[in-house]
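Shown next, in structure tokens, is the structure this report addresses.
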Amino acid sequence: MANRTDPAAKSIRGTNPQNLVEKIVRSKIYQNTYWKEQCFGLTAETLVDKAMELDHIGGTYGGNRKPTPFMCLVMKMLQIQPEKDIVVEFIKNDDYKYVRVLGAFYLRLTGIDSDIYRYLEPLYNDYRKVRRKSPDGNFMLTHVDEVIDELLTRDYSCDIALPRIKKRWTLESLGVLDARKSVLEDDFEEEEEKDEMEQDGLEEEVAHEKDYYRARSPARERERDWRRDSHRHRDRDYDRDRDYDRERGRGRDRERDRDRDRDRDRDRYRLREEKEYGYERERDREREGRERDRRDRERGRRRSRSRSRSRERKRHGRSSMSPRRHEAEDGNAPEESKKKGKKEKKEKKEKKDDGTDHPDPEIAEANRIRASLGLKPLKL
């Protein structure tokens, strides 16, 4: 019941007044808290108090398209359909600008074409600022005359499709409306009078000059024109030659700069090549030195290995003879030969254990040092 139109309300443009608002926006308004709490039970007299509390205008905003209080009050006016005199008083209210915009918006939806132009066009002279909520929820600054221009020239405002109205010149041709008279018309008339006076003064000066030149001799005029043309041609030729010389000088400077840049690039490229070539030669020398050192180390290792092998061969050659043969040759007693053989075996075993007979001379030298210090030999 709270969302029904007043039974005494008249149909507008052949339909229910609330149908001037789209169904989706209408359902959003019906579900809004401001509509349920603040707009319930409002009448044409109490509607003014709610309109005076408005601080911005707008349609719907946010992700869920929430309606503004301005749109809820417009919907309430469509529901109760106040009298025309009340709406006109809304429009003529100079103290509260949002009340004026509310009345103008309602008249644009429900009024006839002549009343819309008659009551809304004077509001073009209202330049007061009003706040407007954009669809993203932010506030933007506009003016009353801009809102009125939107209502008169566009087909969509505050998320509501405005009914079509006839053009002003059509109504003027039909005699329904008088020609529009601007507030600045008096100022325009004064400016036109000044322009006419200045134009008259210029015309008099031109006429005086024509009479003056008409009284002069035609031969002298032709001579003066010929001299003026000759001077003009001479100046034109001089300007052409000067421009040609300037362009030629610019071309020479441009060629000189281009050659200088080319020589600079060539020198830079040469220096870079020399530097890179010097770096490559240094790298080649270092590489050759490293290869030479590596070959010398390999050669020394091979020599040390060959020497160690020759020593081993000599040692094995000396110890291959049996103790008995030595005893026979030396004529010593069997007991001495046995003692000597045991001693040699013990020394050979100690040598084998301490690692001093390693084929690598470096490892053998390290084992001798470790044996002198009482450390275990390296087993590699």
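Atom set for the values below is all heavy atoms of this structure, side chains included, hydrogens, waters and symmetry mates excluded. Everything numeric in this text was worked out from a predicted model, so none of it was measured.
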So, [X] side chain and [Y] main chain: donor-acceptor pair closer than 3.5 Å or not?
X: Lys66; Y: Asn32; value: no
X: Lys76; Y: Cys39; value: yes
X: Gln79; Y: Asp6; value: no
X: Asn367; Y: Ile363; value: yes
X: Arg131; Y: Leu141; value: no

Got a second to check how far [X]'s [atom1] is from [Y]'s [atom2], nearest 0.5 Å?
X: Ile29; Y: Ile24; atom1: CD1; atom2: CD1; result: 12.0 Å
X: Lys50; Y: Cys72; atom1: NZ; atom2: SG; result: 11.5 Å
X: Arg299; Y: Arg294; atom1: CZ; atom2: CZ; result: 11.0 Å
X: Asp149; Y: Glu121; atom1: CG; atom2: CD; result: 10.5 Å
X: Thr142; Y: Ile57; atom1: OG1; atom2: CD1; result: 6.5 Å
X: Asn125; Y: Ile148; atom1: CG; atom2: CD1; result: 11.0 Å

[X] versus [Y]: any side-chain heavy-atom pair under 4.5 Å?
X: Asn19; Y: Arg26; value: yes
X: Pro82; Y: Val87; value: yes
X: Lys28; Y: Met71; value: no
X: Pro135; Y: Thr60; value: no
X: Leu102; Y: Met77; value: yes
X: Ile160; Y: Leu20; value: no
X: Leu54; Y: Val99; value: no
X: Gln81; Y: Thr110; value: no

Set of salt bridge (charged side-chain N to carboxylate O under 4.0 Å, His left out) partners for [X], sequence neighbours left out:
X: Asp293; value: none
X: Asp136; value: none
X: Arg154; value: none

Who pairs with Glu53 by side chain to side chain donor-acceptor pair (under 3.5 Å), at least two apart in sequence or on another chain? none
Residues two or more places apart in sequence or in another chain: which of them pass side chain to side chain donor-acceptor pair (under 3.5 Å) with Arg262? Asp259
Closer than 4.0 angstrom, basic N to acidic O: yes or no for [X] and [Y]?
X: Arg132; Y: Glu150; value: yes
X: Glu288; Y: Arg285; value: no
X: Glu286; Y: Arg283; value: no

Could you state whether Val147 and Tyr61 fall into the same hydrophobic cluster, counting links through intermediate Ile, Leu, Val, Met, Phe, Trp or Tyr residues with side-chain heavy atoms under 4.5 angstrom apart? no
For [X], give me all partners under side chain to side chain contact (heavy atoms under 4.5 Å, CB included), at least two apart in sequence or on another chain.
X: Thr43; result: Glu45, Thr46
X: Glu298; result: Arg301, Arg302
X: Arg118; result: Ser114, Asp115, Leu177
X: Tyr156; result: Glu22, Asp159, Ala161

In this structure, which one of Leu171, Ile112, Asp113, Leu151 forms a side-chain contact (heavy atoms from CB on, under 4.5 Å) with Ile165? Asp113
Working for side-chain contact (heavy atoms from CB on, under 4.5 Å), residues Asp95 and Met52: CA-CA 10 Å; Asp95 298 331; Met52 292 168 59; over 6 Å; no
What pairs meet the ring pair (Phe, Tyr, Trp, His ring centres under 6.0 Å) rule with one or both residues in residues 75-122, with sequence neighbours excluded? Phe70-Phe105
Taking only residues two or more places apart in sequence, or in another chain, which ones meet Tyr30 in a ring pair (Phe, Tyr, Trp, His ring centres under 6.0 Å)? Trp35
Going by ring pair (Phe, Tyr, Trp, His ring centres under 6.0 Å), name the residues that satisfy it together with His56, two or more places apart in sequence or in a different chain. Phe139
Counting only heavy atoms from other residues, nucleotides and ligands, does the tally under 6.0 Å from CG of Asp178 exceed 12? no
